[in-house]
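Nothing fancy with the numbering, it's 1 onward along the sequence.
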Amino acid sequence: QVQLAESGGGSVQAGGSLRLSCAASEYTYSNYYMGWFRQAPGKEREGVGSINPGGGITLYADSVKGRFTVSKDNAKKLLILQMNSLRPEDTAMYYCARGGTLYDGSMSLKSRNYNYWGQGTQVTVSS
């Protein structure tokens, strides 16, 4: 079983920051692109950001670009989502996901291109 475990969610005031982490197997971490998604009640799942296995290429949704950063902590083997300047509209359940195929040089923020998902961690931003 491919297991992804998110952590770091919580409640924060607008303008604050949170750092989410996703623990994955070494195989997943080293061979698949990975992404962060979020879903708020009544809204569709939205891709937030993704990163290639090497960590040198990232992709972001326009809604978070400049505020959020996807990175990889190679020392701890974690996928990271650093969220700064948080807004109430960022409130959602955040999910870590693994790309559906071995990385071949391309990736996307389309949920259909990811096949394993974590259980999610809740982020709530209050104004």
Side-chain angles (χ1 to χ4, degrees):
Q1 182 183 59
V2 175
Q3 187 172 4
L4 303 172
E6 305 98 333
S7 62
S11 297
V12 65
Q13 292 185 337
S17 299
L18 283 173
R19 174 183 163 104
L20 307 184
S21 299
C22 174
S25 72
E26 179 66 33
Y27 184 75
T28 288
Y29 187 87
S30 299
N31 295 284
Y32 290 82
Y33 64 91
M34 300 179 70
W36 289 98
F37 291 77
R38 65 186 182 185
Q39 187 166 24
K43 299 184 67 176
E44 294 186 346
R45 185 182 299 167
E46 174 189 21
V48 174
S50 64
I51 191 166
N52 72 315
I57 303 172
T58 52
L59 182 66
Y60 297 98
D62 289 342
S63 60
V64 306
K65 198 164 189 176
R67 300 187 297 120
F68 292 10
T69 302
V70 178
S71 63
K72 302 184 77 171
D73 184 338
N74 290 331
K76 299 181 178 179
K77 307 299 182 183
L78 297 172
L79 176 69
I80 305 297
L81 179 64
Q82 179 66 47
M83 304 184 292
N84 299 324
S85 301
L86 283 162
R87 305 165 180 169
E89 53 263 42
D90 294 319
T91 296
M93 184 73 75
Y94 282 71
Y95 298 91
C96 173
R98 192 195 82 174
T101 61
L102 291 169
Y103 183 63
D104 63 358
S106 64
M107 60 184 181
S108 77
L109 291 177
K110 302 293 185 181
S111 61
R112 68 175 183 269
N113 293 322
Y114 296 78
N115 66 350
Y116 289 98
W117 301 80
Q119 292 182 300
T121 184
Q122 179 67 39
V123 171
T124 302
V125 184
S126 61
S127 63

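- Each disulfide bond (SG atoms under 2.5 Å apart) pair with one or both residues in residues 85-127, not counting sequence neighbours, appears once here: Cys22-Cys96.
- Side-chain atoms of Lys72 come within 3.5 Å of backbone atoms of Pro53 as a donor-acceptor pair (strictly under, hydrogens ignored).
- Listed for the Asn74 side chain is no donor-acceptor partner under 3.5 Å among the backbone atoms of Lys77.
- At a threshold of 4.5 Å between non-hydrogen side-chain atoms, the residues Leu20 and Val123 count as touching.
- Between the Thr121 side chain and the Tyr94 main chain, no donor and acceptor come within less than 3.5 Å of each other.
- Using a 4.5 Å cut-off between side-chain heavy atoms of Ile, Leu, Val, Met, Phe, Trp and Tyr, Ile80 falls into a hydrophobic cluster with Leu78.
- Side-chain N or O atoms of Glu6 include one that pairs as donor or acceptor with a backbone N or O of Gly120 at under 3.5 Å.
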*Give the C-alpha distance, both sets of side-chain angles, the deciding distance and a yes or no for side chain to side chain donor-acceptor pair (under 3.5 Å) between Ser63 and Glu46.*
CA-CA 10 Å; Ser63 60; Glu46 174 189 21; 3.0 Å; yes
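- Side chains of Arg38 and Val64 form a contact here, defined as non-hydrogen atoms less than 4.5 Å apart.
- The distance from the CG atom of Leu79 to the OG atom of Ser50 is 9.5 Å, given to the nearest 0.5 Å.
- Hydrophobic cluster membership of Tyr33, counting Ile, Leu, Val, Met, Phe, Trp and Tyr whose side-chain heavy atoms lie under 4.5 Å apart directly or via other members: Phe37, Ile57, Leu59, Met93, Tyr95, Tyr103, Met107, Leu109, Tyr114, Trp117.
- Among residues at least two apart or in separate chains, there is no salt bridge (Lys or Arg N to Asp or Glu O under 4.0 Å) pair with a member in residues 111-127.
- Tyr32 belongs to a hydrophobic cluster whose remaining members, ordered by chain and number, are Tyr27, Leu102; membership requires side-chain heavy atoms of ILVMFWY residues under 4.5 Å apart, directly or through intermediates.
- Screening residues 53-70 for salt bridge (Lys or Arg N to Asp or Glu O under 4.0 Å) gives Arg67-Asp90 as the qualifying pairs, with residues at least two apart or on separate chains.
- Of all the heavy atoms in Gly99 and Asn115, the pair that sits closest is O-OD1, 3.4 Å.
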_Using the rule given for side-chain contact (heavy atoms from CB on, under 4.5 Å), can you reason through Gln122 versus Thr91, listing the C-alpha separation, both sets of side-chain angles and the distance that settles it, and then say yes or no?_
CA-CA 8 Å; Gln122 179 67 39; Thr91 296; 4.0 Å; yes
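- Here the straight-line distance linking atom CG of Leu86 with atom OG of Ser127 works out to 13.0 Å at 0.5 Å rounding.
- Between the side chains of Asp73 and Ser71, no donor N or O sits under 3.5 Å from an acceptor N or O.
- Counting all heavy atoms, side chain and backbone alike, Trp36 lies closest to Val70 at CD1-CG2, 4.1 Å.
- Put simply, Ile51 and Tyr29 are part of two different groups of oily side chains (I, L, V, M, F, W, Y) that touch within less than 4.5 Å, one to the next.
- Between the CD atom in Gln119 and the CD atom in Gln3 there is a gap of 7.5 Å [rounded to 0.5 Å].
- Remark: Glu44 CD to Gln39 CD distance equals 8.5 Å, nearest 0.5 Å.
- Ala92 and Ala40 get closest at one heavy-atom pair: CB-N, 3.9 Å.
- More than 12 heavy atoms of other residues, nucleotides or ligands shown are found within 6.0 angstrom of CD on Glu26.
- At least one side-chain heavy atom of Leu4 sits under 4.5 Å from a side-chain heavy atom of Met34.
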